[in-house]
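What follows is a single structure, written as structure tokens, with notes after it.
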Amino acid sequence: MKLGYRSILATIALAGSVISLTACNKSATDKPQVVKLDYAYYNPLSLVLKEKGFLENDFAKDGVKVEWTLSQGSNKALELLNSKSVDFGSTAGAAAFIGKANGNPIKTIYVYSRPEWTALVVRKDSSITKVEDLKGKKIAVTRGTDPHVFLLRSLYQAGLTDKDVELVPLQHSDGRNALERGDVDAWAGLDPLMAQTELEKGSKLFHRDVSLNSFGVLNVREEFAKQYPAYVKRVLAAYEKARQWAIQNPAEFRSLYARDAKISDAIAAKVLERTDLSNSVLGDEQKKVISASADVLKKSGVIGGGTDVPATVSDLIDPQYVRETVASK
């Protein structure tokens with residue numbers, strides 16, 4: 001039986017309506033079964049978020065679970081993101097750039113701190129007093145992290161390169177132990193471990209430069225952000241709630257941090273006095289700090305020499321979610 005022209009148009013219109021309705025329903029009901037985040041001792045706000053249950057309380061009404069995984073460093077957080085073990089991971093800004101340049105499909109969406117969390121550290125009896133003294137020395141460092149970038153930039157500023165020293169690749173805690181045992185001459189440190197050896201062992205932070213520390217940033221898997229943009233905003237809203245709580249309750253914040261990181265109150269205080277939580281919005285300042293690391297990263301072979309730095313930074317930094325979140329408050 002042949003359909004008339006009007007019948008054909010009606011059938012097409014009906015099919016279009018069904019498709020549109022299905023798409024709208026999917027958009028309205030689409031949600032993850034679980035949202036996976038890291039927590040890290042170098043990201044104190046993540047400890048607040050985990051302790052207070054802000055996300056669990058918000059997602060409970062949707063039947064969405066929250067899972068937490070401990071990250072031991074930016075390099076580990078990037079591995080977790082790349083393997084889809086977490087949807088949100090905490091890194092330094094420069095480390096996120098390294099990951100992006102090497103093909104990790106992530107977006108940087110939030111500033112959780114502006115820290116001075118790294119410096120070059122030696123034992124209290126060391127004769128090393130300046131970066132130039134590191135020539136020919138053994139230095140413990142965790143590759144692909146902010147302490148690594150800090151070390152490389154410090155060496156280049158002093159007229160040295162990574163070829164003039166012996167880098168000993170160790171995870172942060174092992175690097176501190178190697179320094180204290182005397183297995184290495186220096187360590188590219190990271191708080192709270194750096195504050196711990198400073199206060200407990202008398203280790204010296206002989207080279208400090210807050211401008212060479214990149215921001216602490218939260219990253220999301222691109223796939224998750226595309227599929228669940230509303231949940232990205234809700235995660236950032238919870239982070240903002242944790243940030244405001246930390247600012248308004250400094251003593252309780254310090255106690256919580258000391259307990260979870262298993263450090264003394266004095267060490268927690270030392271770390272937090274070096275941690276600025278006043279701004280969470282991404283922008284030109286973060287792009288500038290990250291881009292400034294690119295030249296030394298290329299020279300040292302951490303990223304490819306052909307990396308298009310402006311394009312990579314632009315593709316990495318995505319401020320839309322946090323701007324909308326902060327603007328809505």
Side-chain angles (χ1 to χ4, degrees), residues 34-62 64-71 74 77 86-93 108-117 190-192 195-196 210 213-220 228-283 285-286 319-329:
V34 61
V35 175
K36 297 175 288 186
L37 304 96
D38 78 341
Y39 67 101
Y41 303 134
Y42 56 86
N43 175 6
L45 289 188
S46 68
L47 305 181
V48 175
L49 192 60
K50 184 173 180 289
E51 168 72 17
K52 296 299 180 181
F54 296 147
L55 277 175
E56 287 83 351
N57 292 338
D58 180 32
F59 290 171
K61 58 181 175 286
D62 297 343
V64 175
K65 296 180 180 179
V66 178
E67 290 183 359
W68 295 94
T69 299
L70 177 63
S71 172
S74 290
V86 298
D87 303 310
F88 297 85
S90 314
T91 71
T108 294
I109 56 172
Y110 185 80
V111 174
Y112 60 77
S113 72
R114 176 49 163 129
E116 186 192 4
W117 54 14
L190 181 73
D191 273 334
Q196 195 166 22
V210 69
N213 287 248
S214 68
F215 290 76
V217 297
L218 187 69
N219 309 281
V220 64
Y228 308 113
Y231 281 84
V232 174
K233 295 175 188 176
R234 287 166 71 175
V235 167
L236 296 195
Y239 251 99
E240 275 295 280
K241 193 172 182 179
R243 185 175 71 89
Q244 292 300 330
W245 181 89
I247 291 171
Q248 295 165 8
N249 301 275
E252 192 176 348
F253 177 40
R254 185 177 65 248
S255 296
L256 184 156
Y257 180 48
R259 184 201 68 200
D260 286 7
K262 299 178 178 60
I263 55 179
S264 69
D265 191 71
I267 293 169
K270 175 66 71 174
V271 173
L272 295 179
E273 75 182 26
R274 299 197 278 239
T275 304
D276 181 0
L277 303 176
S278 62
N279 176 60
S280 59
V281 178
L282 289 161
E285 188 176 5
Q286 288 77 31
Q320 63 171 314
Y321 301 106
V322 68
R323 285 177 180 171
E324 292 175 13
T325 301
V326 172
S328 67
K329 290 189 175 298

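Residue indices begin at 1 and follow the sequence shown. These figures come from a predicted structure and were not determined experimentally.
When the side-chain contact (heavy atoms from CB on, under 4.5 Å) test is applied to Lys262, the partners found at least two apart in sequence or on another chain are Tyr41. In terms of the side-chain contact (heavy atoms from CB on, under 4.5 Å) criterion, residue partners of Val210 (sequence neighbours excluded) are, by chain and number, Arg114, Glu116. Under the salt bridge (charged side-chain N to carboxylate O under 4.0 Å, His left out) criterion, Asp38 pairs with no residue at all, not counting sequence neighbours. Under the side-chain contact (heavy atoms from CB on, under 4.5 Å) criterion, Ala60 pairs with no residue at all, not counting sequence neighbours. Residues forming a side-chain contact (heavy atoms from CB on, under 4.5 Å) with Glu273 (at least two apart in sequence, or on another chain): Lys270.
Contact of the Phe253 side chain with the Ile247 side chain is not registered, since no non-hydrogen atoms from C-beta on lie closer than 4.5 Å. Side-chain contact check for Leu272 versus Pro44: some heavy-atom pair is nearer than 4.5 Å. Between Val235 and Phe59 there is a side-chain heavy-atom pair separated by less than 4.5 Å. Val35 is not listed as a side-chain neighbour of Leu55, based on a closest heavy-atom distance of 4.5 Å or more.
With salt bridges taken as basic N to acidic carboxylate O contacts below 4.0 Å, one links Asp62 and Arg234.
Here the options are Glu285, Gln286, Arg243, the test is side-chain contact (heavy atoms from CB on, under 4.5 Å), and the partner is Val111; only Gln286 passes.
Counting only residues at least two apart or in different chains, salt bridge (charged side-chain N to carboxylate O under 4.0 Å, His left out) contacts with residues 245-258 comprise Lys52-Glu252, Arg254-Asp265.
For the residue pair Ser113/Tyr42, the side-chain donor-acceptor check at 3.5 Å is not satisfied. Between the side chains of Asp260 and Tyr39, not a single donor N or O lies within less than 3.5 Å of an accepting N or O.
Aromatic ring orientation, Tyr239 versus Tyr110: tilted (interplanar angle from 30° to 60°).
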